[in-house]
Engineer: 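Questions regarding the structure given below will be posed in turn.
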Amino acid sequence: MLGLMQDWPLLISKVIDHAASQFGNQEIVSRLVEGPIHRETYRDLRNRSLQLAKSLTQSGMKSGDRIATLAWNTHRHLELWYGITGLGGIYHTVNPRLFDDQIVYIINHAEDRMLFLDLTFVPLVERIAPRLTTIEQFIILTDAGHMPETSLKNVMAYEDYLARSDSDFAWAVFDENTAAGLCYTSGTTGHPKGVLYSHRSNVLHAMAHVAPDFFNISSHDTVMPVVPLFHANSWSLGFSAPMAGARLVMPGAKLDGPSLHELLETERVTMTAAVPTVWLALLDHLNRTQGRLTTLKRVAIGGSACPRAMTEAFEKHYGVTVAHAWGMTEMSPLGSFCSIKPALAGLDDDALYALKMKQGFPTFTVEMKITDDDGLALPHDGSTFGRLKVRGPAVTRQYYGSDETVLDRDGFFDTGDVATIDPHGYMHITDRSKDVIKSGGEWISSIELENLAMAHPAVAEAAVIGVHHPKWDERPLLIVVRKTDATLERDGMLAFFEGKIAKWWLPDDVVFVDEIPHTATGKIQKTALRDMFADYTFSSTASKPQ
Ligand code: AMP
């Protein structure tokens, strides 16, 4: 017997309709790429998204068409999300930090029909335009007054494109499983792969994450998504903040410490989210300028492991609660948050921060398990590690353009991460499966060594890779960027690990570098480090495992 409730498809248009009707005057503040701060309301955002949907329809765009964006977090980028999906189209967020060849590949692979780009990316798009085989029109996200001289053909200013239409447009209505968004994984090996979100997956994912144990967003919040709309769906904030009626602050192209600090303070931000590298820069700026965070209450940190030193700095020095989050593009992207369950309330300081290093427990809509290489489930004892697998309505089952399922026989997706799960349900990532260091038949977690090294006051950033060793197969090599003006040498660094790890985990050597390479999504680029140190051999002074 079926239930007798109304059939109300979970469409993205419902999110902006709700925001505009219930929180119509709530602001969206954007730092424009042109420079000034721009303000509009949810009511404006909805009207302009309707206008855009009408203009796109007049350009011949229809349900199922892919429309690319190369853009920073601004109100215009959000309008694109709502305008494109409101007619049944698919927003395809392209990560501008990818290499030219990858950008060309994914736009052609997605067969995008239009490309909306920020002024910043005009030179990039001019360079690759001759190789884009399906783009019919380019729209630059600015007004006529700021239009640059450009070699792009069939190009128009966004504000002019909007002005061609009014907002007298009705959102299209269709099945909630209709595709809504496309985001390619950064693909460190092989071509990037497209993850195709649906209206239903985006709405369910956002609903699950506004909840108190996760983003904990309400209409009393001012939310600043620093995590880009082009990185894994901006962790749902483009949907979850409007759904909750929160005020939004969009930081545009300026993601350096001083610019973010200025916006956090002047716009009285209460909640923000980004990868650790962004927060390293902010904390460094605060440290140098004796800056304070007077309104910020919560920061979600994920995308790579949040070092304990970072969590303690935010919580103890600045009074900002850290929510360590984990997920991936294939999961829309959030999978777990590390908030404290009642059973764990009252932990002492050390146990609390040890717990906060974990990536946390799954959100409603995500199920997790760890298995061995044969797919057999492993115990949730907090120490056995295995392949982390997930399933749920906002987890991918197949990549765009591929006929093959990516699921195992029980419907789980292998995340490529190696993790433990403890009896309370907290998951802890020990590594990407390809980064784990295999030494004498045992595994060493590169993430744990990095986190420990980051706790040294002279260390700005640290990375650990496995380097070939004739006897032990692989041994850990620690690569360190010192803080400006700090003095730190190999032996001092290694001494810092004493008593904190098993002796055989101790890195065999330390190399100091000026910079550690990062991927397009702000993660340490282990493949580049492995290439850099491909010919490295441990010197005779390097300590041996015991
Ligand atoms: P992406 O699809 O670019 O978001 O990358 C997803 C991958 O980032 C995951 O599979 C993890 O390897 C890594 N990752 C994300 N969040 C965390 C975290 N909190 N701690 C450790 N690794 C993380």
Side-chain angles (χ1 to χ4, degrees), residues 93-95 97-98 102 106 181-189 192-197 205 209 214 225-237 273-280 299-308 310-311 322-339 355-363 366 368 370 385 387-390 394-396 399 406 412-421 426-436 445-451 454 462-464 518-527:
T93 46
V94 181
N95 185 339
R97 296 178 184 138
L98 295 173
Q102 288 175 315
I106 66 177
L182 182 60
C183 184
Y184 281 69
T185 61
S186 17
T188 42
T189 49
K193 298 196 264 309
V195 180
L196 188 61
Y197 309 116
H205 178 258
H209 289 93
F214 306 103
V226 179
V227 53
L229 292 169
F230 61 73
H231 179 203
N233 241 348
S234 77
W235 302 359
S236 97
L237 290 168
V275 295
T277 41
V278 166
W279 303 129
L280 274 182
V299 54
I301 305 182
S304 32
C306 173
R308 177 167 171 159
M310 182 173 284
T311 305
V322 170
H324 191 189
W326 166 86
M328 60 196 313
T329 307
E330 284 90 337
M331 300 179 70
S332 299
L334 296 166
S336 68
F337 268 71
C338 193
S339 55
L355 177 65
K356 284 190 161 230
M357 291 303 86
K358 299 192 177 188
Q359 281 71 9
F361 59 91
T363 343
V366 176
M368 280 181 187
I370 45 173
F385 35 100
R387 291 168 168 274
L388 178 62
K389 298 183 179 171
V390 291
V395 178
T396 196
Y399 289 108
V406 289
F412 279 82
F413 169 75
D414 188 335
T415 64
D417 287 331
V418 177
T420 61
I421 301 178
Y426 285 72
M427 181 273 288
H428 192 189
I429 304 268
T430 44
D431 253 315
R432 286 295 290 166
S433 50
K434 52 190 184 306
D435 295 337
V436 77
S445 158
S446 66
I447 293 186
E448 198 160 332
L449 292 176
E450 286 159 9
N451 278 338
M454 292 285 291
V464 176
H518 290 101
T519 66
T521 50
K523 298 182 214 306
I524 292 175
Q525 203 173 6
K526 296 269 172 104
T527 45

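Whatever order the structure lists them in is the order used to number ligands and atoms, beginning at 1.
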Engineer: Between P276 and M310, what is the shortest heavy-atom contact and its length?
Structural biologist: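 Minimum heavy-atom separation between P276 and M310: O-CE, 3.4 Å.
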Engineer: For S236, give me all partners under side chain to side chain donor-acceptor pair (under 3.5 Å), at least two apart in sequence or on another chain.
Structural biologist: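 So S236 forms a side chain to side chain donor-acceptor pair (under 3.5 Å) with S240.
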Engineer: Show the short N or O contacts, below 3.5 Å, that ligand 1 makes with protein N or O atoms; if there are none, say 'none'.
Structural biologist:
from, atom 1, to, atom 2, distance (Å)
ligand 1, 2 (O), T329, N, 2.8
ligand 1, 2 (O), T329, OG1, 2.6
ligand 1, 3 (O), H231, NE2, 3.3
ligand 1, 3 (O), K523, NZ, 3.3
ligand 1, 4 (O), H231, NE2, 3.4
ligand 1, 5 (O), K523, NZ, 3.1
ligand 1, 8 (O), G303, O, 3.3
ligand 1, 8 (O), K523, NZ, 3.1
ligand 1, 10 (O), D417, OD1, 3.3
ligand 1, 10 (O), D417, OD2, 2.8
ligand 1, 10 (O), R432, NH1, 2.7
ligand 1, 12 (O), D417, OD1, 2.6
ligand 1, 12 (O), D417, OD2, 3.3
ligand 1, 12 (O), R432, NH1, 3.4
ligand 1, 14 (N), G303, O, 3.2
ligand 1, 16 (N), G303, N, 3.0
ligand 1, 19 (N), H324, NE2, 3.0
ligand 1, 19 (N), A325, O, 2.7
ligand 1, 20 (N), A305, N, 3.2
ligand 1, 20 (N), Q359, NE2, 2.9

Engineer: With sequence neighbours left out, what residues match W235 under side chain to side chain donor-acceptor pair (under 3.5 Å)?
Structural biologist: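 With sequence neighbours excluded, W235 shows a side chain to side chain donor-acceptor pair (under 3.5 Å) to no residue whatsoever.
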Engineer: Can you name the one residue among T420, D431, I429, I421 that meets side-chain contact (heavy atoms from CB on, under 4.5 Å) with F385?
Structural biologist: T420
Engineer: So, for Q359 and S336, which heavy atoms are closest and what is the spacing to 0.1 Å?
Structural biologist: O-OG, 2.7 Å
Engineer: Kindly state each residue pair satisfying salt bridge (Lys or Arg N to Asp or Glu O under 4.0 Å) with at least one member in residues 299-308, sequence neighbours excluded.
Structural biologist: R308-E312, R308-D350
